[in-house]
Amino acid sequence: MIKSVILAAGKGTRMKSQTPKVLHKIFEKPLLGYVLDNVKNIADESFVIVGHHAEQVTEYVEKNYSSAKTVLQSPQLGTGHAVSMVCPHLENFDGQVIILCGDTPLIKEETLKDFIEYHNSQNSDLTVMSTVFENPTNYGRIIRDTDNSLKCIVEEKDATQEQKTVKEVNAGIYCLNWAKIKPAFSQLTSNNAQGEYYLTDIISWGKKQGLRVNAYILKNSDEIYGINSRQNLATATKIMNDRKLSDLMANGVTIVDPSSTWISEDTQIGSDTTIFPATYIEGENIIGKNCKIGPCAHLRGGVEVADNCKIGNFVELKKAKIDHNTNVGHLSYIGDSELGSNVNIGAGTITANYNPLTKEKSKTVLKNNVKIGSNTVLVAPVTVEEGANIGALSVITKNVSAWALALTRSPQRILENWVTKSLNK
Ligand code: UD1
Ligand code: MG
């Protein structure tokens, strides 16, 4: 059994924000969500250490992650003190604990699995993840003995000039055999430059106890990129996006212009689909094979598009399930909707799904073979049955029966010679 502890009590001063750092978003998902998602198949239970803005972080965790608990750390006396907060919750626990930071969203599930496998294969009691940075400033340095075994971790502020030249740094991810390491948490001291209880001191503690302590060297250091500022947030978004686009292209998706295309990690796309420039796809979505998306399309999550569909320019989709061979070509908003197969949506069609008075959202259902004329407003809740047509510029507020034509626009009038008469006046 594995438990995870995610450190998320820190202040995040450099974000200059009212929002707690770990709730800042990449593709509309909070940073903490990425970390929790990456451990959810590894740990059966996660403890999120909260402090600054604890209520907001707790609300997010409780609403979205049933296998996670929050534990309050107040005041925040350092990373070692933060982890010690879980001791009462893991009193008789005898398995492994993996420790991560809530502001490091790029770590991959496969890497964490490999890390734990390494811990097991080395028969380790404590494994820390390290990586090599050309510029290691601000990170804790990994100090090794002459026989290359791990000795201790020294923080930047406590390091000697010589130690500062070390490029192997502490990535801030640990795996511990809990029962063996737990006693360390009542023995840590704050005798250091920052007056904090450092989690990193468990390394030298473990060595002194004669425990097996190892470092796992992470090859792709991007994965432990931490967010401390808005600049970091933009860089992490770019790294995540580049990773996703490469994966998609490797799996047969054409991305016409990777430099202007943004696709969330939680979006699946089938082969032979083409994504045209300036498309932004956030949240969880499933797009089928052989579709054309964009240019300038915005998919906002909860979107399912089956094979051979076209989602054209300036189309926004949110919570929309669209069956095969359906086209939403131009300038439309389709939300909270279900569209059948072979449906055609004319330019400028809007599903009016939101009632701002009641704040309720309602559903639009368009069955197979429905054709919607341009500039139609479909006022939800509304269903258009199979094969029905809607004339252009209609406002549809009532259900439409199969194979019918619905029109709400006023009939065209022609006033003969109206212009000439007006000019003669
Ligand atoms: C820490 C490590 C450093 C490592 C780096 C990797 C320590 C002492 N140092 O430094 O060796 O290279 O991470 O990113 O551990 N937090 C709490 N409660 C606290 C203090 C911090 O929950 O009392 C949380 C923060 O919110 C953050 C994480 O712990 O998510 C790390 O804290 P931070 O202050 O960023 O530590 P670093 O100085 O970066
Ligand atoms: Mg940090």
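Source: prediction; values computed, not measured. Note that ligands are numbered from 1 as they come in the structure, with each ligand's atoms numbered from 1 the same way. Below, each value reflects all heavy atoms present in this structure, side chains not excepted, and no hydrogens, waters or symmetry copies.
Ligand 1 places these atoms under 4.0 Å from at least one heavy atom of T79: 7 (C), 8 (C), 15 (O), 20 (C), 21 (C), 29 (O), 31 (C), 32 (O). Residue T200 has at least one heavy-atom neighbour below 4.0 Å for each of these atoms of ligand 1: 7 (C), 8 (C), 9 (N), 11 (O), 15 (O). Heavy-atom proximity to G140, at under 4.0 Å, picks out these atoms of ligand 1: 3 (C), 4 (C), 11 (O), 12 (O). Listed by atom number, the atoms of ligand 1 under 4.0 Å from E155 heavy atoms are 2 (C), 3 (C), 7 (C), 8 (C), 9 (N), 10 (O), 11 (O). Less than 4.0 angstrom separates some heavy atom of L7 from each of these atoms of ligand 1: 22 (O), 24 (C), 28 (C), 29 (O), 30 (O). The ligand atoms of ligand 1 that sit less than 4.0 angstrom from a heavy atom of Y198 are 8 (C). Annotation for ligand 1: atoms under 4.0 Å from non-hydrogen atoms of A82 are 17 (C), 18 (N), 22 (O).
Proximity of the aromatic rings of Y216 and H119 is defined here by a centroid distance below 6.0 angstrom, and this criterion is not met. For W178 and F185, the ring centers sit closer than 6.0 Å to each other.
At least one heavy atom of Q73 sits under 4.0 Å from some atom of ligand 1. Within the 4.0 Å heavy-atom shell around ligand 1 one does not find G226. Contact between A8 and ligand 1 is present, with at least one heavy atom of the residue lying under 4.0 Å from the ligand.
Of the candidates G80, A9, C101, G172, it is C101 that places a heavy atom closest to atom 28 (C) of ligand 1.
A side-chain hydrogen bond (donor to acceptor under 3.5 Å, both in side chains) with N290 is found for one member of N308, D272, T274 and no other, namely N308.
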Test ring pair (Phe, Tyr, Trp, His ring centres under 6.0 Å) on H89 and F47; report intermediate values, then the result.
CA-CA 9 Å; H89 298 268; F47 297 93; 5.6 Å; yes

Stepwise salt bridge (Lys or Arg N to Asp or Glu O under 4.0 Å) check, K69 with E62
CA-CA 7 Å; K69 278 193 183 80; E62 283 177 355; over 6 Å; no

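Geometrically, K40 does not engage Y65 in a cation-pi contact, judged by NZ or CZ lying under 6.0 Å from the ring centre and within 45° of the ring axis.
Between G78 and ligand 1, at least one pair of N/O atoms sits closer than 3.5 Å.
Only backbone heavy atoms of L77 (N, CA, C or O) come within less than 4.0 Å of ligand 1; its side chain stays farther off.
A salt bridge links K367 to E385: at least one charged side-chain nitrogen sits closer than 4.0 Å to a carboxylate oxygen.
Ring planes of W262 and F27: tilted class, angle from 30 to 60°.
E45 and S67 are not linked by any side-chain donor-acceptor pair at a separation below 3.5 angstrom, with hydrogens and angles left out of the test.
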